[in-house]
Amino acid sequence: MTAITADQLLTRVRDLLAAHPPADTGRADFLRARFDAGLAWVHYPQGLGGLGAPRSLQAVVDAELEAAGAPDNEPRRIGIGLGMAAPTILAYGTEEQKQRFLRPLWVGEEVWCQLFSEPGAGSDLAALGTRAVRESGTGDWIVDGQKVWTSSAHTARWAILIARTDPALPKHQGITYFLCDMHAPGVEVRPLRQITGEAEFNEVFLTGVRIPDSHRLGAVGQGWAVARTTLMNERVSIGGMRLPREGGMIAPVAAAWRERPALRTHALHQRLLQLWVQAEVARLTAERLRQQLAAGQPGPEGSGMKLTFARLNQEISGLEVELLGEDGLLYEDWTMRRPELVDFTGRDAGYRYLRAKGNSIEGGTSEILLNIVAERVLGLPAEPRDDKDLAWKDLAR
Amino acid sequence: MSDAFDLLYSETEEELRSAVRALLADRCTPADVLARAETGRPHDPELWHTLAAEIGTAGLLVPEKLGGQGAGHREAAVVLEELGRAVAPVPYLTSAVLATEILLGLGCEVPEAAGLLGELAAGRQVCAPALPLTQAPGAPLPGAVRDTGGGVLTGTVTSVADAVAADVLLVLADTGLYAVPAAEVALTPLVPLDLTRPLATVTLEGAAGTRLADPATARAAVAGALLSGAGLLASEQVGLAEWCLTETVRHVRGRHQFNRPVGSFQALKHRLAQLWLDVASARAAARAAADALATGAPDAPLTVAVAQAYCSGVAVRAAEECVQLHGGIGMTWEHPAHLYLKRAKADSLALGTPGHHHALVADFAELPSP
């Protein structure tokens with residue numbers, strides 16, 4: 001069977017629009033119809049929102065639908081489901097799991113969150129201690145433990161969860177991957193207030209939470225391999241964004257520089273120009289990566305873009321606070337809010353400065369990412385480790 | 001529009017790269033470069049002939065009807081990446097880029113200019129612009145050479161790169177632009193920081209030249225050539241930085257200290273990972289500059305300034321890291337790291353320092369100084 005062409009996809013998009021005119025169709029109804037037409041994520045299999053088409057053709061579909069005024073599925077709001085849960089379920093799920101979860105996930109009716117990180121397992125994620133014990137008789141799993149840094153936990157209906165099912169094995173081997181019902185008894189979500197004053201993330205306490213074995217993803221003890229699929233997909237999504245010149249964090253600094261000559265000093269000018277150039281080069285690097293992906297020549301640059309943006313965001317927002325003089329002493333609002341999205345624009349410089357501190361920690365610390373680049377891109381020897389053959393229960397904690 | 005930059009390499013460009021790289025691997029190893037540099041005559045005329053005439057790289061910027069290859073800046077940038085990777089001592093930047101661009105900037109109406117262009121494109125002659133290597137785009141042009149009457153020129157130009165290899169010099173005088181045969185000028189070779197790009201003081205005492213353009217045309221052509229030269233120099237810097245990174249990674253993987261490969265220490269791994277990221281970024285910046293020049297994009301001057309402001313620093317740091325992470329070996333004369341450090345540092349002064357290009361960015365991006 002030959003792959004579907006761009007023209008054939010456009011015909012399907014037009015058929016969808018004709019049968020479900022966006023102006024007269026409810027938002028969720030339109031999105032369900034789009035999923036059923038295989039136009040949700042075109043590279044997914046038929047019947048699961050896709051048509052087995054090349055991934056690069058998704059842009060063709062998106063552009064055509066956007067031009068027709070069709071609603072999107074608010075990809076930023078459901079980013080964890082789209083970017084992490086869906087590809088993992090597709091790769092490891094049973095047919096029943098795929099049929100049950102992918103459609104409401106994509107439509108946005110069910111929001112997903114990720115129960116991976118723990119207070120004692122951040123960069124060393126495989127050291128996690130949340131326990132899942134199998135109940136004899138029912139075969140259900142009973143989960144106890146604590147997770148942290150969980151975005152969207154307060155709005156999520158489902159979670160991807162990794163838990164330890166055999167503490168007697170070395171840490172990577174005793175882990176199993178589950179799909180966890182966030183409405184199940186024993187799941188408690190508490191806001192985790194951050195240095196910005198907001199609670200963008202949560203702590204999630206799991207106390208005797210019952211998960212049926214049908215919600216296990218992959219084999220018992222194979223959770224680390226499944227989690228690696230999730231984490232690789234998390235990093236793939238970085239670098240896909242397109243910025244105009246002087247877009248992103250440099251924009252408000254440049255605007256302040258132009259509008260308020262009284263704030264200018266020679267030292268600040270040097271720093272501003274350095275960062276302006278670096279921001280422009282980072283933009284071009286991300287654009288080059290995007291062009292490589294579109295041309296089917298994926299380069300390893302994606303592994304590094306997060307490092308660059310984390311450093312730049314921190315340096316630029318630091319300069320911005322300093323540039324603003326007396327206004328830099330002020331902060332917009334310390335009220336604890338629980339935003340659904342991280343929003344770097346439309347906020348003041350103090351917020352940007354504080355929030356950017358997280359950019360070099362979240363989604364893999366800069367130190368860990370540098371190790372990854374050094375080992376996987378440059379082929380340098382791996383860090384020596386002495387936990388490889390030790391049972392998890394015997395590790396120092 | 002900047003979104004239109006094509007930042008990849010085409011198949012043709014990759015084929016060109018392979019041809020140049022194979023030639024340099026065969027005839028221009030670091031040991032060859034060092035051996036020639038020690039004789040005080042770094043240029044290899046036979047290598048230049050093969051590169052310029054047989055592979056046809058000297059005429060990449062020249063239209064076919066003027067005897068060139070009718071390619072463009074993107075292809076010339078690929079050649080410069082490979083020349084940077086090999087610290088090749090050939091007058092490509094001076095003759096095939098700067099002098100060629102000056103002549104192209106005069107238009108085809110001047111028969112002498114068109115004739116000389118054909119000679120350069122065919123690799124039959126080498127031409128050096130009689131300008132200091134530090135001459136930057138956007139900076140005032142020198143005015144030390146005067147026409148004492150009837151095209152008889154007097155004056156001195158300092159720090160002229162590759163003049164010792166030139167058959168003819170392009171001289172900017174008060175009355176216009178002149179093509180002056182090398183035999184008409186006195187050259188005083190200087191001791192250059194960069195052993196692979198020789199410098200000389202060019203003295204004209206009643207030198208006879210052929211006038212190619214009036215002062216306004218000449219200055220516009222030189223300004224355009226300096227912009228191209230600065231933009232393409234970024235690609236030489238990328239190639240140089242990439243060699244330094246590759247060689248350093250190779251070294252730290254094999255070199256053992258404390259019973260471990262040196263490259264297994266996190267302090268070194270993080271530095272090299274960061275350097276890799278900087279080189280990848282420099283490549284995007286240099287490709288953008290080459291593409292902007294090739295397409296005549298309105299924002300080419302800004303894109304070139306960004307590339308130069310960024311790539312100079314990356315090349316210097318890559319070469320400095322190469323010396324440091326090779327340990328004592330990196331400080332020796334035998335190891336080629338010093339050739340790269342010297343070229344990288346000299347390149348950061350050539351055609352405008354990073355500071356000069358930051359000032360240009362301030363102008364183009366409307367970020368005025370206090």
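Letters go in sequence order (proteins before strands), and every chain restarts at 1.
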Check your understanding: Hey, is R258(A) close enough to E366(B) for a salt bridge, meaning N to O under 4.0 Å?
Key -> no
Revision key, fill the gap. Value for OG (S369(B)) from NE2 (H266(A)), rounded to nearest 0.5 Å, stands at 6.0 Å
Check your understanding: To the nearest 0.5 Å, what is the distance between CZ (R245(A)) and CG (L302(B))?
Key -> 4.5 Å
Practice item. Quick one: which of S281(B), A285(B), A280(B) has the most heavy-atom pairs under 4.5 Å with chain A, could you say? Key: S281(B)
Check your understanding: With only heavy atoms counted, which part of A365(B) is less than 4.5 Å from chain A, the side chain, the backbone, both or neither?
Key -> both
**Study point:** Check: E367(A) and Q266(B) side chains under 4.5 Å, non-hydrogen atoms
**Key:** no
Check your understanding: Within residues 234-244 of chain B, which positions have a heavy-atom distance to chain A below 4.5 Å?
Key -> none
Practice item. Counting only heavy atoms closer than 4.5 Å, note whether T308(A) contacts chain B via side chain, backbone, both or neither. Key: both
Study note, to complete from the structure: Of the listed R311(A), Q278(A), E375(A), Q270(A), the one with the largest count of heavy-atom pairs under 4.5 Å with chain B is E375(A)
Point to revise | D278(B), part contacting chain A, at a heavy-atom distance under 4.5 Å | key: neither
Revision key, fill the gap. Smallest heavy-atom separation, P368(B) atom then R264(A) atom, equals CG-NH1, 3.4 Å
Check your understanding: Is it the side chain or the backbone of T303(B) that comes within 4.5 Å of chain A heavy atoms, both, or neither?
Key -> side chain
Point to revise | Atom OH of Y9(B): over 12 foreign heavy atoms under 6.0 Å | key: yes
**Study point:** Straight-line distance of H269(A) NE2 to H358(B) NE2, nearest 0.5 Å
**Key:** 10.0 Å
Check your understanding: More than 12 non-hydrogen atoms from neighbouring residues, nucleotides or ligands closer than 6.0 Å to NZ on K357(A), yes or no?
Key -> yes
Review point. Can you say whether A382(A) sits under 4.5 Å from chain B via the side chain, the backbone, both, or neither, judging by heavy atoms?
Key: backbone
Check your understanding: Are any side-chain N or O atoms of R288(A) and backbone N or O atoms of A284(B), one a donor and one an acceptor, separated by less than 3.5 Å?
Key -> no
Exercise for review: Identify which part of L272(A) has an atom lying under 4.5 Å from any heavy atom of chain B, answering side chain, backbone, both or neither.
Suggested key: side chain
Point to revise | Interface moiety of A362(B) toward chain A, non-hydrogen atoms closer than 4.5 Å | key: both
Study note, to complete from the structure: Greatest number of non-hydrogen atom pairs under 4.5 angstrom with chain B, of V377(A), L263(A), L268(A), falls to V377(A)
**Study point:** Check: V373(A) and L277(B) side chains under 4.5 Å, non-hydrogen atoms
**Key:** no
Practice item. Please round to the nearest 0.5 Å and tell me the distance separating atom CD of E246(A) and atom CG of L367(B). Key: 6.0 Å
**Study point:** Spacing of CG belonging to L307(A) relative to NE2 belonging to H270(B), to within rounding of 0.5 Å
**Key:** 9.0 Å
Check your understanding: Among L8(B), V249(B), V306(B), L268(B), which residue forms the greatest number of heavy-atom pairs with chain A at distances under 4.5 Å?
Key -> L8(B)
Study note, to complete from the structure: When rounded to the nearest 0.5 Å, the distance separating CG of L272(B) from CG of L370(A) is 10.5 Å
Practice item. Grab the two heavy atoms, one from P370(B) and one from W257(A), that are nearest each other, plus how far apart they are. Key: CD-CZ2, 4.4 Å
Check your understanding: Which atom names give the shortest non-hydrogen contact between L284(A) and F5(B), and what distance separates them?
Key -> CD2-CD1, 3.9 Å
Point to revise | Part of residues 256-264 of chain B lying next to chain A, heavy-atom separation under 4.5 Å | key: R260(B), P261(B), G263(B), S264(B)
Review point. At a heavy-atom separation under 4.5 Å, does Q297(A) approach chain B through its side chain, its backbone, both, or neither?
Key: side chain
